[in-house]
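Beneath this line is the structure, given in structure tokens, with notes to follow.
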Amino acid sequence: CAPRCVTRRWPQRRRPAPGGAPRAAMAACMLDVVCDSTKVGEEVCCIGSVPELGHWDPGRALRLRTTAQSFPHWLAEGFPPLRAGDEFKFAIRRPCGAIDWEPINGNRCLPQGTAAGGAGAVV
């Protein structure tokens with residue numbers, strides 16, 4: 001799998017917050033992972049050191065989605081932005097529940113200088 005992690009700012013939606021005050025625009029993160037080694041029924045997930053990525057618990061990992069048209073790209077969008085220094089790893093979840101971690105030494109780490117709402121990072 002070849003990951004591309006992109007952080008971007010979504011269009012502002014000025015819905016009133018509880019109490020009637022408009023909410024500020026919220027930055028959101030998007031992951032785009034290229035992985036052509038999955039079969040039907042398998043999924044790519046991102047597991048990491050922060051709550052958004054499950055605190056290293058595969059059962060709470062961020063699940064990425066694909067379609068017949070977008071395969072081999074697996075996407076996750078709209079979750080809170082990751083921060084520089086957050087550690088993570090990609091894995092394939094098999095239908096039986098087995099997790100195949102990506103075969104790299106150590107963990108991936110979002111590079112320093114990556115800011116929420118910025119252009120993104122390739123990791």
Side-chain angles (χ1 to χ4, degrees):
C1 298
R4 185 174 142 253
C5 175
V6 177
T7 305
R8 65 178 176 185
R9 187 169 301 282
W10 294 98
Q12 292 186 359
R13 294 192 178 123
R14 300 237 178 232
R15 288 183 251 170
R23 293 184 207 185
M26 179 174 187
C29 192
M30 178 186 83
L31 288 175
D32 178 1
V33 178
V34 178
C35 183
D36 62 2
S37 58
T38 56
K39 297 177 179 62
V40 173
E42 298 175 336
E43 66 183 2
V44 173
C45 55
C46 184
I47 309 166
S49 62
V50 295
E52 296 85 357
L53 304 179
H55 280 301
W56 297 112
D57 177 354
R60 298 183 339 187
L62 178 67
R63 294 177 174 185
L64 285 75
R65 305 281 184 239
T66 193
T67 65
Q69 294 78 25
S70 64
F71 184 81
H73 287 265
W74 290 78
L75 300 172
E77 298 180 290
F79 59 95
L82 301 175
R83 294 158 297 285
D86 289 348
E87 293 186 6
F88 59 96
K89 208 165 194 171
F90 294 100
I92 297 173
R93 184 187 320 261
R94 306 290 178 197
C96 64
I99 300 291
D100 292 343
W101 295 87
E102 66 177 316
I104 63 170
N105 291 326
N107 300 321
R108 294 182 183 275
C109 187
L110 206 57
Q112 294 298 323
T114 303
V122 176
V123 292

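Starting from 1, each residue takes its place in the sequence as its number. The analysis underlying the following values was restricted to heavy atoms, covering all of them including side chains, and did not include hydrogens, waters or symmetry mates.
Atom SG of Cys45 and atom CZ of Phe88 lie 13.0 Å apart (nearest 0.5 Å). The CD atom of Glu52 sits 10.5 Å away from atom SG of Cys46, with the distance rounded to the nearest 0.5 Å. Interatomic distance, Ile99 CD1 to Lys89 NZ, rounded to the nearest 0.5 Å: 13.0 Å. Annotation: the span from Glu77 atom CD to Leu64 atom CG amounts to 10.0 Å, rounded to 0.5 Å. Between atom CZ of residue Arg108 and atom CG of residue Asp86 there is a gap of 14.5 Å, rounded to the nearest 0.5 Å.
Listed by first and then second residue, the salt bridge (charged side-chain N to carboxylate O under 4.0 Å, His left out) pairs involving residues 41-50 are Glu42-Arg94, Glu43-Arg63, Glu43-Arg65, Glu43-Arg93 (not counting sequence neighbours).
Proximity of a side-chain donor or acceptor of His55 to a complementary backbone N or O of Ser49 within less than 3.5 Å is detected.
None of Leu62, Ile47, Leu31, Ile104 except one satisfies the side-chain contact (heavy atoms from CB on, under 4.5 Å) rule with Phe90; the exception is Leu31.
No single ILVMFWY cluster, assembled from side-chain heavy atoms under 4.5 Å apart, contains both Trp101 and Val44. Val33 and Val50 fall within the same hydrophobic cluster, where Ile, Leu, Val, Met, Phe, Trp and Tyr residues are linked whenever their side-chain heavy atoms come under 4.5 Å apart, directly or through other members.
Contact annotation: the side chain of Trp74 never approaches that of Val34 to less than 4.5 Å [non-hydrogen atoms, C-beta and beyond].
Under the side chain to side chain donor-acceptor pair (under 3.5 Å) criterion, Ser70 pairs with Thr66, Thr67, not counting sequence neighbours. Not a single salt bridge (Lys or Arg N to Asp or Glu O under 4.0 Å) links Glu87 to another residue, sequence neighbours left out.
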